[in-house]
Asker: 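Mind having a look at this structure? Questions to follow.
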Amino acid sequence: MRHWLMKSEPEVFGIDDLERVGVEPWEGVRNYQARNLLRDEMQAGDLAFLYHSNCKVPGIAGIMRIARGGYPDDTAWTPGHRYHDPRSTPENPRWFRVDVAFERRLGRIIPLSELKQAPELSAMPLVRRGNRLSVLPVSPQEWDFILSLETPRD
DNA sequence: GCCAACGTTGGC
DNA sequence: GCCAACGTTGGC
C-alpha cells in the first residue's frame, strides 16, 4: 500500500465536503505528471492526506482512502463541462481520476508552516517553493512523521 | 490582491 | 526543437 497527498481548495472541496459525501470522484486533474500518478500508481486501498490549499491556513486536514484506482475522467469529453478537453475521447482517454473515500479528520489541521519547519520533511516537494503538483507520493517515513504531529507531545 | 514559479502553447 | 507569451497555482 502506498501513501499520497492530494491538494484541494477547501472553498471548492474540503474535508467537510468529503465527510458529507463519503466518496468522491477526484476529477479535473489536467496535469500530466499528476495524471500519470492517478492512472498508473494509485490503487484501491492506498491512503492519502487531504491538503487544503490556497486558503487562509494551508495544511493537512484529513485522511482519505483510495476507493477506486485510476480510470478515465469522463468530464474531459463532456461538452460544456468546466473540465472539458476535446483532445480526450472515450476511445483514447487522456485524463484520469480516482475515487476517494473519507477516512477521518485529523485532530487538528497541520499547517504548512509547521511542516516546513520539520527537517524530517525537507525532501517533500510540498514544502519546496514553487511546487504545483496536486498529487504527490508520500514516503512511509514522512507519513508516520506527519501523523506524529497530530497530537503535540508536550 | 500580489506575484513568483511553473506548465503549456504555438510561432518560427 | 527552441523559447517567448500566456494562463494557472498557491503562498503570503
Side-chain angles (χ1 to χ4, degrees), chain A residues 2-21 24-42 46-66 69-100 102-139 141-143 145-150 152:
Chain A
R2 297 186 64 185
H3 298 95
W4 308 93
L5 180 144
M6 302 169 81
K7 297 180 188 174
S8 184
E9 301 186 17
E11 302 269 305
V12 178
F13 188 86
I15 192 70
D16 293 345
D17 303 291
L18 183 61
E19 183 168 26
R20 190 178 63 250
V21 300
E24 177 76 2
W26 201 266
E27 61 195 21
V29 174
R30 297 293 181 264
N31 167 283
Y32 289 103
Q33 209 178 336
R35 186 278 310 268
N36 293 345
L37 295 175
L38 293 172
R39 185 188 60 188
D40 305 331
E41 308 284 343
M42 300 180 75
D46 289 356
L47 295 177
F49 287 128
L50 175 56
Y51 175 86
H52 284 176
S53 68
N54 202 16
C55 55
K56 194 166 182 181
V57 182
I60 295 174
I63 297 177
M64 316 188 281
R65 184 170 31 81
I66 307 304
Y71 65 102
D73 182 351
D74 64 25
T75 64
W77 58 75
T78 304
H81 197 282
R82 86 175 265 235
Y83 297 132
H84 182 227
D85 179 353
R87 298 170 301 181
S88 188
T89 64
E91 296 73 30
N92 190 16
R94 176 175 298 227
W95 304 115
F96 285 72
R97 66 186 175 199
V98 299
D99 289 351
V100 298
F102 178 81
E103 190 76 16
R104 68 177 181 89
R105 295 169 169 274
L106 294 193
R108 66 187 182 105
I109 290 184
I110 301 175
L112 176 63
S113 58
E114 193 173 328
L115 301 174
K116 281 183 166 175
Q117 288 168 17
E120 292 87 345
L121 303 178
S122 61
M124 286 189 83
L126 183 72
V127 303
R128 304 261 169 123
R129 203 168 82 157
N131 162 65
R132 292 169 49 179
L133 197 59
S134 64
V135 179
L136 309 169
V138 176
S139 77
Q141 293 78 14
E142 290 162 347
W143 182 272
F145 180 79
I146 290 168
L147 284 181
S148 80
L149 298 175
E150 187 179 7

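Naming convention: chains lettered A, B, ... in sequence-line order (proteins, then strands); numbering from 1 in each chain.
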Asker: Roughly how many Å is it from CZ in A/Arg128 to P in C/dG11, rounded to a whole number?
Answerer: 16 Å
Asker: Using whole Å, report how far CZ of A/Arg35 lies from P of B/dG7.
Answerer: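 Distance, rounded to whole Å: 15 Å.
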Asker: May I ask you to evaluate whether A/Tyr51 reaches the phosphate of C/dG11, defined as a side-chain N or O under 4.0 Å from OP1 or OP2?
Answerer: yes
Asker: Please report, rounded to the nearest Å, how far the P atom of C/dG11 is from the CD atom of A/Glu11.
Answerer: 14 Å
Asker: For the side chain of A/Arg39 and the backbone of A/Ala34, is there at least one donor-acceptor N/O pair under 3.5 Å apart?
Answerer: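 Between the backbone of A/Ala34 and the side chain of A/Arg39 there is no qualifying donor-acceptor contact (under 3.5 Å).
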Asker: So, is A/Lys7 near the phosphate of C/dT9, with a side-chain N or O under 4.0 Å from OP1 or OP2?
Answerer: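 The answer is no; no side-chain N or O of A/Lys7 sits under 4.0 Å from OP1 or OP2.
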Asker: With a 4.0 Å limit, can you tell me whether A/Arg87 has a side-chain N or O closer than that to the phosphate oxygens OP1/OP2 of B/dT9?
Answerer: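 A/Arg87 to B/dT9 OP1/OP2: side-chain N or O found under 4.0 Å.
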Asker: For residues A/Trp77 and A/Tyr83, establish whether the separation of their ring centroids is below 6.0 Å.
Answerer: no
Asker: Whole Å only: how far is the CH2 atom of A/Trp95 from the P atom of B/dG7?
Answerer: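 Nearest whole value for this atom pair: 13 Å.
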Asker: Please check if atom CD in A/Gln33 has more than 12 non-hydrogen atoms from other residues, nucleotides or ligands closer than 6.0 Å.
Answerer: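 Result for CD/A/Gln33: open.
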Asker: Indicate, with a heavy-atom threshold strictly under 4.0 Å, whether A/Lys116 touches base, sugar-phosphate, or nothing.
Answerer: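 Here A/Lys116 touches the backbone only, sparing every base.
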Asker: Is A/Arg35 salt-bridged to A/Asp73, cutoff N-O under 4.0 Å?
Answerer: no
Asker: Between P on C/dT8 and CZ on A/Arg30, what's the gap in Å once rounded to a whole number?
Answerer: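 Atom-to-atom, A/Arg30 to C/dT8, this comes out as 14 Å.
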Asker: Please state how far atom CG in A/Asn54 lies from atom C1' in C/dT8, giving the value in whole angstrom units.
Answerer: 11 Å
Asker: Could you check how far OH of A/Tyr32 sits from P of B/dT8, rounded to whole Å?
Answerer: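 These atoms are roughly 7 Å apart.
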Asker: Between A/Glu9 (CD) and C/dT8 (P), how many Å, whole number?
Answerer: 13 Å
